[in-house]
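Every chain is numbered from 1, with letters handed out A, B, ... down the list of sequences.
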2 protein chains.
Amino acid sequence: MTESMTDAEIYREVFDAIVEGRLPPGEKLGQDELGKVFGVSKTRIRPILHRLTEQKIVVIEPMRGAFVARPSEKDAREVNAARQIIEEGVVRAATRAAQPRHIKQLREIVAAEQAARDSRNAGQAHRLTGEFHCELARITGNDVVTDIVRELVSRDSLVVALYQRPGSGACSLHGHAHLIDRVAEGDENAAAQAMRDHLQDVMDTLDLGEKRGRSQSLSNAFAHLGRAG
Amino acid sequence: MTESMTDAEIYREVFDAIVEGRLPPGEKLGQDELGKVFGVSKTRIRPILHRLTEQKIVVIEPMRGAFVARPSEKDAREVNAARQIIEEGVVRAATRAAQPRHIKQLREIVAAEQAARDSRNAGQAHRLTGEFHCELARITGNDVVTDIVRELVSRDSLVVALYQRPGSGACSLHGHAHLIDRVAEGDENAAAQAMRDHLQDVMDTLDLGEKRGRSQSLSNAFAHLGRAG
DNA sequence: CCAAGGAAAATCGTATACTATCGGTCTGCC
DNA sequence: GGCAGACCGATAGTATACGATTTTCCTTGG
């Protein structure tokens, strides 16, 4: 018998599938179904769903089941506002702590973002956009801060999946480049302002009101595992 | 048969017991034992322990059990640094959004803190100290931000339980009062500086290196429930 | 032909039973 | 007398089984 995956691995698979959009908002996450996909009983699926619920990217409706979260318009605004508040502090700390190698690292991510966009790889581009903010947090050298930013970024993924109008997305490139310049200059106030403007820009390009979201089968989302569904 | 508590109620009981220090760092949280205390099977205890683990106030050692977290010296520094970074953004947003009624609310909390300290009620005083920071976050009107601050404050409770030297504690009163004045003035930069100074003060009064922590029985911690242990 | 009611299927939530692993202790040997 | 190794009790982790609730579909009446 093929040995089963660890809880951490299963968690990571589901988390990535949601953040990368393979499991769209509203998708049903059946316990037995997921258990079959990963070859374990639902006993080990439950705590994983609860953990994802803690991070607000899954919602559990009592006696009905777990679903990928579909953040409301209010949720979308609140998460974005929270990012403006918290990442202001983060970018200030990062500006104080930034070394040349950090700046270089950030520019590399933006370059990769550009490349992904040029090659029409929307999924990769979106992943790197989030990665940029996490990397910025990492400059602070504080894992607690990094984890909080990561959580906020993952929640924003769902907002983007639901509300981003098809064409947009390129605006973040300029915002990131501008932000790096301010950090590189060491101007903490300007960096903070750039961060708020950037996040507000992202918010403004959303098409709140019109929820998108195609449906996809669970086994398709985990097709790379090569297991039966 | 007496109807059993909801998961949320059980969670709250354990959470409060830890944050208020009735369950000191290092305390063993046996699944069967907790199940008996609350009159449920361990099936419902497990997800609660996992949730507390997510919040980093409980650690689960595989095949050994769950324990109230005993943050290392490094953890203590990191949580404090994270608070300085994040609450800087929070206090700036709060300063921009503050209304007179908010200032009044904050001053009331400090007054209550003073009263608790005067009446030698250390537990209540400590609770109000945390409440002050949560209330400040609440001024932003953003639940996401408030939850994050609440989590950081609860983690700090364990640090204080482990490392605070017996005598100290009064320093936070002056820091809070000073902070309110800066917020009331609307001077965002001064408020941010006051927040950082205040949190640094708290850090500096800790006696890192010497871990305290008396042990207490589980049934004592939940004595107010009136159930058998 | 549509709507309302009910029954059956599906699925979630909980308890119980079982297995694996860990810590403590007792014994035997050095 | 002290240390090492094995046994035993305790407890965590997992699966299975069962009860509760919802959803779906079919039947029946208007």
Side-chain angles (χ1 to χ4, degrees), chain A residues 1-14 18 23 26-54 57-70 215-219 221-222 227-229, chain B residues 1-14 18 23 26-70 215-219 221-222 227-229:
Chain A
M1 171 177 180
T2 155
E3 69 207 45
S4 68
M5 303 168 72
T6 71
D7 290 358
E9 286 167 345
I10 298 175
Y11 164 82
R12 188 69 190 178
E13 283 294 333
V14 180
I18 293 173
L23 289 173
E27 183 82 10
K28 173 75 182 285
L29 301 173
Q31 300 179 353
D32 291 328
E33 198 174 358
L34 279 173
K36 274 180 192 152
V37 168
F38 294 107
V40 300
S41 126
K42 69 173 182 178
T43 308
R44 290 176 60 192
I45 298 295
R46 280 186 132 276
I48 292 169
L49 290 175
H50 276 97
R51 185 171 167 193
L52 293 165
T53 301
E54 277 296 295
I57 65 179
V58 162
V59 292
I60 292 180
E61 301 183 23
M63 284 296 178
R64 292 208 50 243
F67 305 83
V68 179
R70 298 177 74 253
S215 188
Q216 188 175 350
S217 91
L218 229 61
S219 29
F222 299 110
R227 286 178 180 275
Chain B
M1 169 175 180
T2 154
E3 70 206 44
S4 70
M5 302 168 72
T6 70
D7 290 357
E9 286 167 345
I10 297 175
Y11 165 81
R12 188 71 188 173
E13 283 294 334
V14 180
I18 293 174
L23 289 173
E27 182 83 10
K28 173 77 182 283
L29 301 173
Q31 299 179 355
D32 290 331
E33 197 174 359
L34 279 173
K36 274 181 191 150
V37 168
F38 294 107
V40 300
S41 118
K42 69 174 180 176
T43 309
R44 291 177 59 192
I45 298 294
R46 281 187 130 275
I48 292 169
L49 291 176
H50 275 98
R51 188 172 167 193
L52 293 164
T53 301
E54 278 296 295
Q55 299 177 4
K56 305 288 167 60
I57 64 178
V58 163
V59 292
I60 293 182
E61 301 184 22
M63 283 299 182
R64 291 210 49 244
F67 305 83
V68 178
R70 299 178 74 251
S215 188
Q216 188 173 354
S217 90
L218 231 60
S219 30
F222 300 110
R227 287 177 179 274

Any chance you could measure A/K42, atom NZ, to A/I48, atom CD1, to the nearest 0.5 Å?
14.5 Å
Can you check the A/K28 NZ to D/dT24 C1' distance for me, whole Å?
13 Å
Interatomic distance, CZ@A/R51 vs CG@A/L49, rounded to 0.5 Å, equals 12.0 Å
Nearest-neighbour nucleotide for the A/Q31 side chain, C/dT11, C/dG13, D/dG13 considered:
C/dG13
Roughly how many Å is it from NZ in A/K36 to P in C/dT11, rounded to a whole number?
8 Å
Does a side-chain N or O of A/R64 approach OP1 or OP2 of C/dT11 to a distance below 4.0 Å, or not?
no
Could you tell me the separation between the CG atom of A/D32 and the CD1 atom of A/I45, rounded to the nearest 0.5 Å?
9.5 Å
Taking atom P of C/dG13 as reference, at what distance in whole Å does atom CG of A/D32 sit?
11 Å
Looking at C/dT14, I'd like to know if its phosphate oxygens (OP1 or OP2) sit under 4.0 Å from a side-chain N or O belonging to B/T43.
no
Strictly below 4.0 Å: does A/R46 bring a side-chain N or O up to OP1 or OP2 of C/dC12?
no
Find the distance between NE2 (A/H50) and OG1 (A/T53) and round it off to the nearest 0.5 Å.
6.5 Å
Interatomic distance where CD1 belongs to A/I48 and P belongs to D/dT14 [whole Å]
10 Å
Any heavy-atom pair between the side chains of B/L29 and B/L23 that's under 4.5 Å?
yes
Closest to the B/D7 side chain, choosing from D/dA15, D/dA12, C/dT14:
C/dT14
Contact list for DNA chain C against residues 52-63 of chain B - heavy-atom distance below 4.0 Å
B/M63
Calculate the interatomic distance between A/H50 atom NE2 and C/dC12 atom P; express it in whole Å.
12 Å
Counting side-chain heavy atoms from C-beta on, which of C/dA15, D/dT16, C/dA17 comes nearest to B/K42?
C/dA17
Rounded to the Å, how far apart are B/R44 CZ and C/dC12 P?
18 Å
Looking at NZ of B/K28 and CD of B/E61, how far apart are the two atoms once the value is rounded to the nearest 0.5 Å?
9.5 Å
Could you tell me whether the side chain of A/M5 reaches within less than 4.5 Å of the side chain of A/E13, counting heavy atoms only?
yes
In whole angstroms, the gap separating C1' of C/dT16 from CD1 of B/I45 amounts to 16 Å
